[in-house]
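Data block below; observations after.
Each chain gets a letter, A, B and so on, in the order the sequences are listed, and its residues count up from 1. Bear in mind that the values here come from a model prediction, so they are computed numbers and not experimental data.
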Amino acid sequence: MNEASCPTLLPKTRLRYNRQRDACVLLWPERGLVLNRSAGDILKLCGGHHTLSSIVNALSAQYPHTKRDLIREDVHRLIRDLHSRGLLTLE
Amino acid sequence: MLERPYTLTAELTYRCPLHCAYCSNPVSYDDRPALDTEHWCRLFAEAEAIGVMQVNLTGGEPLLRSDLERLIGHAHRLGLYTNLITSGVPLSRRRLARLRASGLDAVQLSLQSTDQVLADRIAGVVAHQKKLAVARWTHALRIPMTANIVLHRDNIEQIHDIIALAEALHAERLELANTQYLGWAFVNRHALLPTHAQLEQAKLIAQAARERLRGRMEILFVTPDYYGGVPRACMDGWGRRHLVVSPDGLVLPCHLAHTLPGLTFERAGARPLLDIWEQSEGFNRFRGEAWMPDTCRSCAYRTVDFGGCRCQAFHVTGHLEAVDPVCRWSPDHHLIQTARHAAEQRTERVPLWRRDLQMVP
């Protein structure tokens, strides 16, 4: 995993908004995660068209009051976690 | 506060071409007419409206319903994640393609063994080769696949080969599900229980494979509660996250809840689903902690296992509110230890009982 990696959610996953919980959810067979707002914003960019560094840039623009280093740490942690669960690839 | 349900398990029929000796369907049930297409569609819409996000289409064998395409299409249009849980036996490649085109998100295919003779003996019919073909079609149609294999005494030593088979079939997930001793599996418990040594060996192999395949194939090893000393959080807790609807439309917290005496469950459509979820007597019976015996209510694990499995407590001890007997602090734990001891001692083969009530040697 490096700054040029493109995280891509696997075909078994579905990312969608759930209106009852007012949150984005990531679904895969018999499992799911209710995401907080920033996690949802990160995963929306995990379609294979954005590198890790461009995701961090986009989130920094969306959350201007949060330090870039913290955002970078959060993005990397989430991507690493979902990768180890077999939910996304890093091209 | 009571959460909204996440998952709907739709048991579309109890009919099935297989006769597995560990089948988790009820051993006996009233043979009422199954819900029709329109009722299932209405139920899916109601479930989605109260917060359900996934629907597991299961049975029995859901493919025996000719309206499966319509049901999947309807669930898909509602935005539900659809997962078909199947033996694969009645499937053709053309129908699988049609189901995919209707919006099917994922397939969970059951396998019985890596060895054709043993697999067919466990299933009670010749099915293994067909299942392998279904797995290949599923991969060719790019449908995410979970391979599910119920582990027991006769196949648990094949776990290494089972993992290799799942890899070769391009499964994205592998569920190594140790038998839960309910339904037919409880009837056949003496024949199915593995030994402690078998189990420990299997656990080590599964752990090693999970590390090796991390990121490629997800491996779930469902620990058998008979050997764990602690109850599992059955259904993530009674009436906390899951709705199960039986073929005839009973709305249940688990697929065997209607086998418990003295509990009242309601039929889908009788009143709004949210009212059933929130208010029905059967759902509220084992929510929270008020119903718990003192052993559970004073236990730190009560927020982890939610009091374990009610069906197991009843079928083993005869009492609905008993501590789940797999728990090492249960006053009935000796009943589980006795069953384990018998499994350790046994050397002869034990006949299996099946759904059609024929004894298979």
Side-chain angles (χ1 to χ4, degrees), chain A residues 1-52 55 75-91, chain B residues 3-9 47-58 76 78-85 100 103-109 138-139 141-148 170-175 177 210-211 213-220 222 235-236 241-242 274 277:
Chain A
M1 179 164 131
N2 59 53
E3 297 296 332
S5 307
C6 279
T8 310
L9 286 167
L10 283 172
K12 68 178 168 183
T13 63
R14 292 276 177 278
L15 183 67
R16 54 168 291 223
Y17 174 72
N18 180 250
R19 66 187 189 284
Q20 291 82 0
R21 293 171 177 86
D22 188 24
C24 270
V25 291
L26 184 68
L27 305 172
W28 68 102
E30 294 179 70
R31 296 283 188 281
L33 283 174
V34 178
L35 305 166
N36 63 22
R37 207 178 126 213
S38 54
D41 290 336
I42 295 166
L43 292 190
K44 278 176 202 161
L45 299 173
C46 293
H49 303 295
H50 298 84
T51 62
L52 266 174
I55 293 172
V75 169
H76 282 229
R77 193 187 304 120
L78 179 69
I79 300 297
R80 212 178 298 120
D81 178 36
L82 296 189
H83 182 249
S84 80
R85 293 187 197 213
L87 296 172
L88 53 73
T89 56
L90 292 163
E91 295 300 316
Chain B
E3 273 197 83
R4 295 292 184 86
Y6 286 72
T7 308
L8 168 66
T9 297
E48 195 281 333
I50 70 168
V52 165
M53 298 182 281
Q54 293 223 8
V55 58
N56 296 319
L57 301 148
T58 182
H76 178 70
L78 290 164
L80 294 166
Y81 190 101
T82 56
N83 191 23
L84 176 66
I85 299 175
R100 179 60 158 174
L104 179 63
D105 285 302
V107 166
Q108 179 186 307
L109 180 69
T138 308
H139 178 62
L141 292 165
R142 298 175 172 277
I143 308 174
M145 182 177 73
T146 299
N148 173 290
H170 305 282
E172 297 200 9
R173 297 171 75 238
L174 172 62
E175 276 186 21
R210 188 185 295 139
E211 287 312 314
L213 296 166
R214 187 175 292 285
R216 273 191 289 155
M217 183 167 80
E218 189 186 350
I219 298 185
L220 292 104
V222 182
M235 302 304 288
D236 299 320
R241 294 176 168 229
H242 300 280
L274 186 59
W277 173 254

Legend entry - Minimum side-chain heavy-atom gap Arg14(A)-Met53(B) below 4.5 Å: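 No, their side chains stay 4.5 Å or more apart.
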
Inset, instruction - Write out, in numerical order, the residues from residues 1-8 of chain A with a heavy atom short of 4.5 Å from a heavy atom in chain B. - result: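 Result: none.
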
Inset, instruction - Using heavy atoms and a sub-4.5 Å threshold, report which of residues 81-88 of chain A line up against chain B, by residue number. - result: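 The stretch touches chain B at His83(A), Ser84(A), Arg85(A), Gly86(A).
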
Inset, instruction - Assess whether atom NE2 of His76(B) is packed by more than 12 heavy atoms of other residues, nucleotides or ligands within 6.0 Å. - result: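 Atom NE2 in His76(B) is not packed in, count stays at 12 or less.
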
Legend entry - Neighbour count above 12 (heavy atom, 6.0 Å) for Arg214(B) CZ: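 Enclosed.
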
Legend entry - Max heavy-atom pair count under 4.5 Å with chain A, selected residue of Arg216(B), Glu172(B), Glu3(B), Arg142(B):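 Ranked by heavy-atom pairs under 4.5 Å with chain A, first place is Glu172(B).
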
Proximity breakdown for [X] and chain A, heavy-atom pairs closer than 4.5 Å:
{"X": "Leu220(B)", "result": "side chain"}
{"X": "Glu175(B)", "result": "side chain"}
{"X": "Ile50(B)", "result": "backbone"}

Legend entry - Gln20(A) side chain vs Glu48(B) backbone, donor-acceptor pair below 3.5 Å: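 Indeed, once roles are kept as given, a pair shorter than 3.5 Å links the two residues.
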
Legend entry - Exam field: side chain Arg21(A) to backbone Arg4(B), donor-acceptor pair closer than 3.5 Å: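 Yes.
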
Inset, instruction - Grab the two heavy atoms, one from Pro29(A) and one from Thr146(B), that are nearest each other, plus how far apart they are. - result: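 Of all heavy-atom pairs spanning Pro29(A) and Thr146(B), the closest is CB-OG1, 4.1 Å.
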
Legend entry - Gap between atom CG of Asn56(B) and atom CD of Glu30(A) - 0.5 Å precision: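 The CD atom of Glu30(A) sits 5.0 Å away from the CG atom of Asn56(B).
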
Inset, instruction - Check whether Arg31(A) gets within reach of chain B through its side chain, its backbone, both or neither, counting any heavy atom under 4.5 Å. - result: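 Both backbone and side chain of Arg31(A) come within 4.5 Å of chain B.
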
Legend entry - Distance under 6.0 Å and angle within 45° of ring axis: Arg16(A) vs Tyr81(B):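 Pair Arg16(A)/Tyr81(B) does not count as cation-pi.
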
